[in-house]
Amino acid sequence: MQGIANTQAAEAWNGWEGVNWAQNAARYNATVTAFNDELFQAAAIGEDDRVLDVGCGTGQITLLAARQASQGHVVGIDISEPMLERARADAAEQGIANIEFEQGDAQVHPFPDGGFDVAISRGGLMFFADLVAAFANLRRGLRSGGRLVFMGPQGGTPDSDYARATAALKPLLHEPSPAARGMGSLVEPERIHEVLDAAGYADVSITPVKALMDYGRDAADAAEFILSQGPARFNLKDVDQAVVEQAREELRAGLVPYETSNGVLITGAVWLVEASQP
Ligand SMILES: C[S@@+](CC[C@H](N)C(=O)[O-])C[C@H]1O[C@@H](n2cnc3c(N)ncnc32)[C@H](O)[C@@H]1O
């Protein structure tokens with residue numbers, strides 16, 4: 001991997017949280033797959049396009065992009081080697097050849113100048129210590145008229161379905177896990193505009209998108225999954241086992257209202273951001 005500016009993120013995403021994500025890729029994907037249609041509609045990837053997927057993780061949307069750019073080429077960049085290993089294995093298994101995965105810090109990675117027609121990201125652009133530098137670096141990699149299309153989380157509100165369903169955990173989650181630091185850096189549309197303007201983008205638009213996020217087969221399974229994720233594991237590691245068990249049961253009960261015949265489905269909200277290289 002060439003230079004790294006975000007050493008904290010690199011350590012976190014190459015540590016136990018990145019490994020956990022890679023080992024449970026299907027479960028993490030299930031939470032966000034319902035957002036894919038809107039992302040791909042906005043990205044409008046052509047069959048000859050050169051596409052960059054930033055913070056591609058285990059590569060679900062990188063692979064989808066490669067199928068759309070069937071005569072083009074797709075590069076997935078991520079700072080996490082365990083997650084990239086999963087992505088490379090899936091690409092090989094699916095026989096997708098017009099794809100390449102590179103380990104790197106997207107804030108400083110030497111992308112080829114104007115080398116991409118479209119840059120996409122699903123939740124991979126919030127973790128930079130210097131957001132303006134990172135987005136400027138990505139812009140440099142886009143050709144004139146090239147487009148950036150990404151999704152990132154909206155700020156959580158106390159009356160959201162997720163907050164209601166997971167209220168039992170709230171008093172126990174005191175700080176973000178190492179990989180989740182930066183997760184909230186682009187939740188305000190004003191901040192997104194400020195960063196993209198300063199990074200030199202044109203035609204910035206920000207649209208709210210909602211979709212059903214699938215957390216598991218039933219409430220008990222979803223509670224297990226949420227407790228296995230970085231934020232819960234990090235904050236609960238030194239908590240008394242009896243308290244954890246009580247939280248698990250209360251969490252399960254909080255998830256019951258969201259059980260459906262298609263799994264535990266909770267509405268999530270993201271920003272769909274579009275911008276272009278002048
Ligand atoms: C929330 S995950 C999203 C992964 C993937 N886009 C998806 O939708 O499944 C965030 C990803 O950003 C990556 N990441 C964090 N900081 C990064 C950086 N500075 N450069 C490149 N990737 C980074 C992480 O390793 C992780 O794979």
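Just follow the structure's listing: the first ligand is 1, and inside any ligand the first atom is 1. Numbers for residues simply follow the sequence, beginning at 1.
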List, for ligand 1, each N/O atom that has a protein N/O partner under 3.5 Å away, with both atom names and the distance.
residue	atom	partner	partner atom	Å
ligand 1	6 (N)	Gly55	O	2.7
ligand 1	6 (N)	Arg122	O	2.8
ligand 1	8 (O)	Arg122	O	3.0
ligand 1	8 (O)	Arg122	NE	2.7
ligand 1	8 (O)	Arg122	NH2	3.1
ligand 1	9 (O)	Arg122	NH2	3.2
ligand 1	19 (N)	Asp105	OD1	2.9
ligand 1	20 (N)	Ala106	N	3.0
ligand 1	22 (N)	Ile79	N	3.3
ligand 1	25 (O)	Asp78	OD1	2.5
ligand 1	27 (O)	Asp78	OD1	3.3
ligand 1	27 (O)	Asp78	OD2	2.6

Side chains of residues 250-259: which donor-acceptor partners sit under 3.5 Å, not counting sequence neighbours?
residue	atom	partner	partner atom	Å
Glu250	OE2	Gln246	NE2	2.8
Arg252	NE	Glu249	OE1	3.2
Arg252	NH2	Glu249	OE2	2.9
Glu259	OE2	Ala219	N	2.7

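Residues satisfying the salt bridge (charged side-chain N to carboxylate O under 4.0 Å, His left out) test with Asp221, not counting sequence neighbours, are Arg27, Arg217.
Side chains of Gln23 and Arg86: a donor-acceptor N/O pair is absent below 3.5 angstrom, by distance only. For the 3.5 Å distance criterion, the side chains of Asn98 and Arg67 fail to qualify, holding no donor opposite an acceptor.
The salt bridge (Lys or Arg N to Asp or Glu O under 4.0 Å) pairs that include a residue from residues 167-181 number zero, where partners must be two or more places apart or lie in different chains.
Atom CG of Asp48 is surrounded by more than 12 heavy atoms from other residues, nucleotides or ligands within 6.0 Å.
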